[in-house]
Amino acid sequence: MPAAVHYAGGAAAGPAEDTHAVPAKNRWSRVALTFRDVPAEAWCSFVCRLAWEPDEPAEAAADFVLAGFDFLAPDGSSLDFDHVPGLTRTLLDPHSAWIPGPAYQPAGAEAAGAALVRIAFLVPAPARQVAVSLRSWRNALPFEVARPRLHPHDPAQERMPPRRRRPLAVEPDWLDHALVPGERLIVRGQLFAEETGDNAALVRVAYHDGDGAEIAPPYPEIVSTPAFGALVDLPAHRQARRFTLELAPPPGAARVRLGFAAWDSDNPVELLAPPEVSLADRLRLESLSGDDLLDAPTLAARLADRLGRPGESWGPAGPDDAPAVLDRASAVQRGPASPLGPWQPLRLAGQPEWRLPERPDWSEDPFRSPAWRLDYQSLSWLAAMAAGPDGLKRALDLALSWSRHNPWGRPSDGLSLHPAALSARAEVLIGLLARAEPEGEAARLLAAEVVRHGLALSEIVGQNTFARSLHQIHAAVALLAVGRGLPACPLAGFWSSLARLALREGFDALLGPDGAFTEPSLHARLELLTLGRVLIPALAGDDLATFLAERTGPAVPALAGLLDPGGRLPPFGDGPHGVDHAGWIGRLLALDGRAMVAERAASRAPAPGAAGVIAARYDAPGRGWGHFACGFAGQGAQDHRDCSSFVFATGGARWIVEAAGSGQFETGALRQYLLSSRGHNVAHPDGREQGSGNGWLVGSTRLDGAVLHEIATSVHGPEYRHRRIFVVLDDLGGLAVFDRFETRDRPVGFEGLLHLAPDAMVALANPRLALAGREQRRLRLVPRAILGQPGGLEVVNGRNDRPGSVQGFVSRRPGALRPASLLRYTVSGRGRVCGGVLVAIDEAREQRLAALVAGEAVARRLAGE
């Protein structure tokens with residue numbers, strides 16, 4: 001229960017005990033609840049009952065209420081984590097989660113005017129307290145919060161990889177930064193010390209000149225000692241100590257090395273996140289722009305003035321000096337782009353062809369598609385246009401047109417500031433600048449626009465805005481290109497060093513040395529590996545290239561082992577449509593002179609505990625290929641709720657499929673459906689969809705002509721112990737899937753979902769048999785209850801009566817859903833229930849599966865023995 005409650009913005013205690021009323025004043029109206037003695041490095045679920053007014057007009061808002069989370073040290077000081085599993089970084093609160101409106105809640109809850117809300121997250125060490133605020137956001141009428149509680153999960157049921165931490169030792173941990181001549185470097189961060197006092201940590205400082213030689217101290221504004229040289233002492237009078245270093249370089253300094261260390265090995269001290277790095281505030285975008293809507297040349301001129309170089313402009317490097325990593329990675333992913341004629345229609349983001357206006361105003365949105373707008377605003381298609389006959393002039397004109405229509409602070413389309421669009425556009429502008437007439441007006445204007453993009457990217461990268469995500473990697477790659485492509489700019493060296501540090505940190509966070517990814521989406525994993533492999537030749541001679549080679553090299557063949565015989569990766573997590581994964585991986589392997597056929601023949605699926613995926617394929621002559629895959633990677637706030645979901649193909653046809661698709665750039669009910677458990681082949685108990693959490697392989701066992709896989713998950717909260725058990729025939733002619741849920745001695749029931757391919761016809765023969773057919777093929781689906789009572793079968797196709805009940809759809813192109821048959825089966829009981837479905841292409845294989853399920857090895861697993 002909360003140990004303390006605080007109100008703000010008109011919020012107050014509710015009419016009943018343990019209730020809190022929050023008015024619809026938006027953002028500042030909130031109730032804040034502090035929970036103490038929280039276990040560190042453990043998953044917890046925040047649970048409350050949310051009630052709303054019957055005539056609430058914002059019922060379909062996906063961001064109805066904002067739940068904010070602040071993690072506190074044992075002494076109550078706030079901790080600045082760059083990432084908390086299960087939550088998202090936001091501005092008003094350190095970490096947050098959105099609570100959707102009444103229309104997205106279960107049907108019974110909407111009728112009752114209240115719903116149970118559960119938000120799962122990991123409490124990172126060394127936090128021992130959590131402050132949870134429920135904040136008014138899109139709601140138009142007041143809402144009420146009742147019985148807020150924090151439920152720690154049972155650590156005996158969890159299995160998590162160790163979280164990355166940054167302990168400091170007496171021997172310094174060094175960071176290297178390039179400097180801007182004559183400008184201060186600002187480094188911000190936070191320390192945590194177990195014991196408070198004057199001797200917590202220190203930062204050793206060493207400046208170097210342009211040739212790499214160390215400049216001897218003393219340095220301006222820094223103490224020097226004979227034993228340690230120049231240093232900054234960082235005492236900690238509270239356990240969490242925020243620090244800001246304002247470093248004033250001595251004359252001639254080109255770089256600075258900062259060594260973070262503990263004074264005493266007996267007093268544990270750690271950095272809670274990578275330090276944020278920036279220049280003085282007067283060189284930041286907000287300060288340079290002020291309240292003015294500046295075009296790029298005016299902004300660049302103002303920057304030159306503040307650097308003490310009035311009237312100076314900065315020309316480009318040679319065309320081969322700036323690595324076009326994002327463009328090359330795109331070519332590996334999609335194949336080399338065909339030249340685009342200057343007046344040829346555009347085809348972006350899987351949408352139909354569209355003819356670009358002669359004079360676009362850059363607010364165009366012909367398909368009402370966020371994915372299309374993002375691709376359009378990235379200007380990535382200008383590279384193909386510039387490569388075509390007579391296309392360079394048109395590409396330059398369009399780039400300058402975009403710049404004129406998008407003064408900083410008032411973009412024509414807000415998505416143009418999305419990090420994916422910003423990063424790709426910066427690299428395109430660098431490429432166009434390198435090909436423009438050096439002394440021409442176009443080159444001057446483009447250089448100014450590149451400077452503006454460099455300033456924006458450096459703030460994203462330096463502040464770790466998108467820590468542990470592909471967005472941060474994209475921004476760092478683009479910033480590296482800007483730094484190398486505009487070497488005459490005084491900020492170029494600083495930008496390049498900032499990008500290198502962010503790339504090392506980003507790859508280290510997303511791909512561990514053991515090959516374990518923290519990103520659940522297989523598509524995103526492949527994109528990360530592609531960026532790493534393409535970066536290696538661009539960083540020739542750099543130790544960062546060696547680091548990237550060691551991390552990414554072994555992972556590419558492992559992903560090749562997950563391809564089905566049709567050339568697709570399993571569709572778990574977030575991913576766009578129409579991707580040729582086999583061609584993509586083949587081109588990626590070809591970068592290192594490896595052949596796709598040989599790698600697939602020799603590769604096996606990666607260790608399931610590391611990859612979060614089980615996969616098997618069958619491709620023998622005469623019967624057609626088969627494929628099975630199950631994904632159980634850890635899940636966060638914005639991920640698909642698909643932990644333990646699976647796909648199944650046999651006889652050369654895909655039968656059980658995912659709703660799939662990319663929820664990242666979809667909107668409204670479509671996005672909510674794609675991310676929800678209802679769009680995946682999972683089971684959930686008592687009407688509760690999955691939350692954030694983990695999945696792990698308990699074990700795999702060989703049977704007679706089959707394999708048993710047992711997976712455990714924590715995504716259903718601390719009230720349930722969940723196991724999902726698969727029995728997969730070696731020839732992939734059938735499989736059995738069972739779920740076991742255990743609770744305390746109370747009634748419990750679950751529903752399982754199976755999405756059939758859209759062109760499969762499904763019929764119920766009786767409550768114990770469903771038949772699916774497509775062309776001349778047949779599939780039998782037989783429900784079985786092991787513990788508890790079966791609830792029969794139901795086929796749902798195209799249900800969309802309310803946003804929270806959408807079912808029976810799959811996504812096959814952006815922005816649209818296609819009706820498909822969903823088979824729903826239920827099992828209910830008390831304390832412990834277990835049931836599932838046998839899936840087979842004929843009666844003989846159904847009987848084989850039934851015999852295996854009845855055998856001792858499987859029966860003991862199903863019973864939980």
Side-chain angles (χ1 to χ4, degrees), residues 70-73 75-83 89 91-95 126 166-168 172-193 196-207 217-225 228-250 253 255-263 267 269-288 306 455 458-465 467 472 491 494-495 497-498 501-502 505:
D70 187 12
F71 295 88
L72 311 175
D75 67 355
S77 50
S78 183
L79 301 168
D80 296 335
F81 296 110
D82 64 337
H83 174 71
R89 289 185 72 187
L91 293 176
L92 287 179
D93 300 288
H95 304 274
R166 297 172 174 81
L168 298 182
D173 182 7
W174 291 95
L175 298 177
D176 191 353
H177 291 282
L179 299 169
V180 178
E183 299 295 334
R184 290 175 177 257
L185 186 72
I186 313 299
V187 180
R188 295 182 175 90
Q190 188 180 44
L191 298 168
F192 173 81
T196 60
D198 294 333
N199 297 318
L202 71 153
V203 183
R204 297 176 63 177
V205 182
Y207 288 100
Y219 304 137
E221 305 175 18
I222 295 181
V223 174
S224 299
T225 67
F228 294 96
L231 64 89
V232 178
D233 185 26
L234 298 176
H237 299 296
R238 300 195 71 183
Q239 286 183 306
R241 155 71 193 270
R242 292 185 178 90
F243 63 85
T244 299
L245 307 178
E246 292 196 26
L247 303 172
R255 307 190 71 85
V256 61
R257 297 187 73 219
L258 303 176
F260 290 84
W263 276 112
N267 181 20
V269 181
E270 65 177 297
L271 276 171
L272 291 181
E276 299 178 3
V277 181
S278 66
L279 299 175
D281 286 348
R282 67 190 189 88
L283 298 179
R284 294 168 62 92
L285 260 178
E286 184 178 2
S287 174
L288 287 166
R306 295 193 181 181
L455 290 168
S458 67
E459 293 185 17
I460 290 174
V461 172
Q463 295 176 27
N464 305 319
T465 305
Q472 190 79 354
L491 277 63
F494 168 71
W495 287 339
S497 71
L498 199 61
L501 287 171
E505 174 65 31

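The chain is numbered in sequence order, starting from 1. Values below: all heavy atoms of this structure, side chains included; hydrogens, waters and symmetry mates excluded.
The shortest non-hydrogen separation linking A236 to A193 is CB-CB, 4.1 Å. Residues A253 and L179 share a closest heavy-atom pair of CB-CD1, 3.9 Å. The nearest pair of heavy atoms linking F81 to P126 is CZ-CD, 4.0 Å. In terms of heavy atoms, D82 sits closest to P274 at OD2-CD, 3.7 Å. When all heavy atoms are compared, the tightest approach of H177 to L501 is CE1-CD1, 3.2 Å.
At a threshold of 4.0 Å, the pair R188-E246 does not count as salt-bridged, since none of the basic side-chain nitrogens sits closer than that to a carboxylate oxygen. Electrostatic pairing of R306 and E183 does not count as a salt bridge here, judged by no charged N lying under 4.0 Å from a carboxylate O.
Side chains of D70 and S78: a donor on one and an acceptor on the other come within 3.5 Å. Judged by distance alone, the side chains of S497 and R255 never bring a donor and an acceptor atom under 3.5 Å apart.
Between atom CD1 of residue I460 and atom CG of residue L498 there is a gap of 11.5 Å, rounded to the nearest 0.5 Å. For the atom pair CG (L288) and CZ (R282), the distance works out to 9.0 Å, reported to the nearest 0.5 Å. Atom CG of L258 is separated from atom CG of L185 by 7.0 Å, given to the nearest 0.5 angstrom. Interatomic distance, R238 CZ to L191 CG, rounded to the nearest 0.5 Å: 14.5 Å. Taken from CG in L175 to CD in E505, the straight-line distance is 9.5 Å, to the nearest 0.5 Å.
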Audit row: E459, E276, side-chain contact (heavy atoms from CB on, under 4.5 Å) steps and yes/no: CA-CA 9 Å; E459 293 185 17; E276 299 178 3; over 6 Å; no
Worked check of side-chain contact (heavy atoms from CB on, under 4.5 Å) between R166 and L272: CA-CA 7 Å; R166 297 172 174 81; L272 291 181; over 6 Å; no
Step-by-step side-chain contact (heavy atoms from CB on, under 4.5 Å) determination, L202 to F260: CA-CA 6 Å; L202 71 153; F260 290 84; over 6 Å; no
Test side-chain contact (heavy atoms from CB on, under 4.5 Å) applied to R242 and D80, step by step: CA-CA 9 Å; R242 292 185 178 90; D80 296 335; 2.8 Å; yes
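Side-chain contact check for L279 versus F494: some heavy-atom pair is nearer than 4.5 Å. Within the 4.5 Å cutoff, no side-chain heavy atoms of D233 are placed close to those of V223. Between V187 and V203 there is no side-chain heavy-atom pair separated by less than 4.5 Å. For the pair L79/Q239, no side-chain contact is recorded, criterion being any heavy-atom separation below 4.5 Å from C-beta on. Under the 4.5 Å side-chain criterion, counting only non-hydrogen atoms from C-beta, L271 is in contact with L168. L234 is not listed as a side-chain neighbour of V269, based on a closest heavy-atom distance of 4.5 Å or more. Taking the side chain as every heavy atom from C-beta outward, E270 and Q190 never approach each other to under 4.5 Å.
Put simply, the side chain of Q472 gets close to the backbone of V461: a donor and an acceptor are under 3.5 Å apart. Checking side-chain atoms of S458 against main-chain N and O of L455 turns up a donor-acceptor pair under 3.5 Å. Side-chain atoms of R241 come within 3.5 Å of backbone atoms of P235 as a donor-acceptor pair (strictly under, hydrogens ignored). In this structure, the side chain of R204 does not engage the main chain of R257 through any donor-acceptor pair within 3.5 Å. Without hydrogens or angle criteria, D93 side chain to H95 main chain gives no donor-acceptor distance under 3.5 Å. Judged by distance alone, the side chain of D173 and the main-chain N or O of G259 form no donor-acceptor pair under 3.5 Å.
Of the options L231, V256, L245, a side chain to side chain contact (heavy atoms under 4.5 Å, CB included) to V205 is made by V256 and by none of the others.
Counting non-hydrogen atoms of other residues, nucleotides and ligands closer than 6.0 Å to CD of Q463 gives a total above 12.
Using cut-offs of 30° and 60° on the angle between ring planes, the pair W263 and F228 is perpendicular.
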